[in-house]
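Working notes, beginning with the structure itself.
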Amino acid sequence: MIAHNNFQHAIQDRLRDLVGSFEARPLQTSRVFDRWLASSLLQKSIRRDKPDLAWLAASYLLENYPAYFWRRLPIIALEDIGVGDLDVTMMAILAGSNTRLRVELGGCLLAATALIELMCAATKDRSTDDLFDVVSRSPNLREERIATFEAEQLEDLFKSDPPGGGVLNLANLMFVQAGSIGDLPASAIKKKIWADVIHRNASDTTPMGLAETSLLGLKTTGSILAPMLFAVGCHADTKCPETDDALPDSPTGTAIPTWAMGQHTRVGLDGFRRYIGRSQRIHDFLSDTANGSVSRPKTIGGLVYRLDCGQLSHRRDCKLAADLKHQATHLGWGIPDEAVADALSILRDEFDLVNACRAEALRAYLT
């Protein structure tokens, strides 16, 4: 059972106090964006602690897609901050889900200003997303889920004590409890089922505020990242230093940084297509290894994500996060897992060309 500890109310009061130390930024106008490019720049700027760039993207979304902006902030917090700063994660979820609270905080502009600054400066942890990647795509864990499901009745699993054995075991059994044993598309998540799973696995030893944050995050976003946050938090190290990822150089003179152009944006995919057409090494590599499960530009996008789009400032430096990141990095996106290291090596060698192709794609987009 989840002990009621008023974590949500305490964080809401703390957010009210913190907002008073900020001044609302005025909206900035830009012709650079579409919705997805702005969303990508917003998230990646928060990852890298670039509040000015984050505000440029936020301005476009607040002016054109305000409801989407407020839905997006909790997702970013779950994906990129998580247990690195559970207080800030809860703040983003609270403000994103509560229009009345935003009014009480001084209005949308002041609330957005404060949250972006707080999220940029927060300690980051991407273990929730890495954990989902590993659990959903590992053949061995999938086989374990099937074996567990066949050997146990769900009623028995729900009655049992919270499982031990590490974060992968907990997350895997949570999926079994939710009835997900094969492919695990995030869009298939059912809020009530997963809320029951979180409740069933919470105990007196669950870190304070973890279950509340996961449950409200689930209710607000419907994202699989919310139960993954719970699993990570149950096993996270309590004290960890911060570290900054090595951030590859980005060419100057582009309207927005090339690291904002990932596989989830039209401009990014266009850039990766151009790169495949210009690099004989990557063209030959994909011809030998690509299995057709995703497009070749998305394969490159998934790999580039690991090299620059997913890099963090203020990363929580702990063994659990490092292990999950390592495992997720070496899962092949449309190529065999054992080929990922070679692909990353090629991309590192040719990263100037990758950036040049993304910059060219952006210029074409703007003309």
Name each donor-acceptor pair under 3.5 Å that joins a side chain in residues 60-72 to protein atoms two or more places apart or in another chain, with its distance.
unit_1: Asn64; atom_1: ND2; unit_2: Tyr60; atom_2: O; d: 2.8
unit_1: Tyr68; atom_1: OH; unit_2: Ser39; atom_2: OG; d: 3.0
unit_1: Arg72; atom_1: NH2; unit_2: Gln43; atom_2: OE1; d: 2.7

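- Using a 4.0 Å cut-off between charged nitrogen and carboxylate oxygen, Glu350 and Arg278 do not count as a salt-bridge pair.
- If you take CG on Leu307 and CG on Leu247, they are separated by 12.0 Å, rounding to the nearest 0.5 Å.
- Every side chain to side chain contact (heavy atoms under 4.5 Å, CB included) that Asn291 has, sequence neighbours left out, goes to Ser293.
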(request) Walk me through it: do Phe175 and Trp194 pass the test ring-ring contact (aromatic ring centres under 6.0 Å, His included)? (result) CA-CA 9 Å; Phe175 275 111; Trp194 278 100; 5.1 Å; yes

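- Counting only residues at least two apart or on different chains, no ring pair (Phe, Tyr, Trp, His ring centres under 6.0 Å) pair has a member in residues 240-282.
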(message) I'd like to know whether Ser40 forms a side chain to side chain contact (heavy atoms under 4.5 Å, CB included) with Arg35, so could you lay out the CA-CA distance, the side-chain angles of the two residues, the decisive distance to 0.1 Å, and finally the verdict.
(response) CA-CA 9 Å; Ser40 181; Arg35 178 178 175 179; over 6 Å; no

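- A salt bridge is absent between Lys124 and Glu79; no separation between the charged side-chain nitrogens and carboxylate oxygens falls under 4.0 Å.
- Counting only residues at least two apart or in different chains, side-chain hydrogen bond (donor to acceptor under 3.5 Å, both in side chains) contacts with residues 101-123 comprise Arg16-Glu104, Arg25-Glu117, Thr99-Arg102, Thr123-Glu242.
- Using a cutoff of 4.0 Å between basic side-chain nitrogens and carboxylate oxygens, Arg281 and Asp288 are not scored as salt-bridged.
- Remark: the Glu212 side chain and the Asn6 side chain contain no N/O donor-acceptor pair separated by less than 3.5 Å.
- With respect to the salt-bridge test (charged N to carboxylate O, under 4.0 angstrom), the residues Arg137 and Asp337 do not qualify.
- In this structure, Leu366 and Leu362 have side chains that are in contact, with non-hydrogen atoms separated by less than 4.5 Å.
- With hydrogens and angles ignored, the 3.5 Å screen pairs no side-chain donor or acceptor of Asp237 with any backbone N or O of Lys239.
- A donor-acceptor pair is defined here as one N or O able to donate and one able to accept, closer than 3.5 Å; no such pair exists between the side chain of Ser45 and the backbone of Leu42.
- The ring pair (Phe, Tyr, Trp, His ring centres under 6.0 Å) analysis of residues 91-127, with sequence neighbours excluded, yields no pairs.
- Rounding to the nearest 0.5 Å gives a distance of 9.0 Å between CG of Leu115 and CD1 of Ile46.
- Between Asp87 and Arg14, at least one side-chain N (NZ, or NE/NH1/NH2) sits under 4.0 Å from a carboxylate O, which counts as a salt bridge.
- By the 4.5 Å heavy-atom criterion applied to side chains, Leu105 and Phe22 are not counted as neighbours.
- In summary, the side chains of Ser127 and Asp125 do present a donor paired with an acceptor at a separation below 3.5 Å, with no hydrogens or angles considered.
- None of Arg47, Arg316, Arg48 except one satisfies the salt bridge (Lys or Arg N to Asp or Glu O under 4.0 Å) rule with Asp80; the exception is Arg47.
- Among pairs with a residue in residues 295-326, those fulfilling ring pair (Phe, Tyr, Trp, His ring centres under 6.0 Å) read His326-His330, at least two apart in sequence or across chains.
- Between Lys319 and Asp323 there is a salt bridge, since at least one side-chain N of the basic residue sits less than 4.0 Å from a carboxylate O of the acidic one.
- Side-chain N or O atoms of Thr220 include none that pairs as donor or acceptor with a backbone N or O of Gly217 at under 3.5 Å.
- Ion pairing between Arg358 and Asp270 fails under the 4.0 Å rule for side-chain N and carboxylate O.
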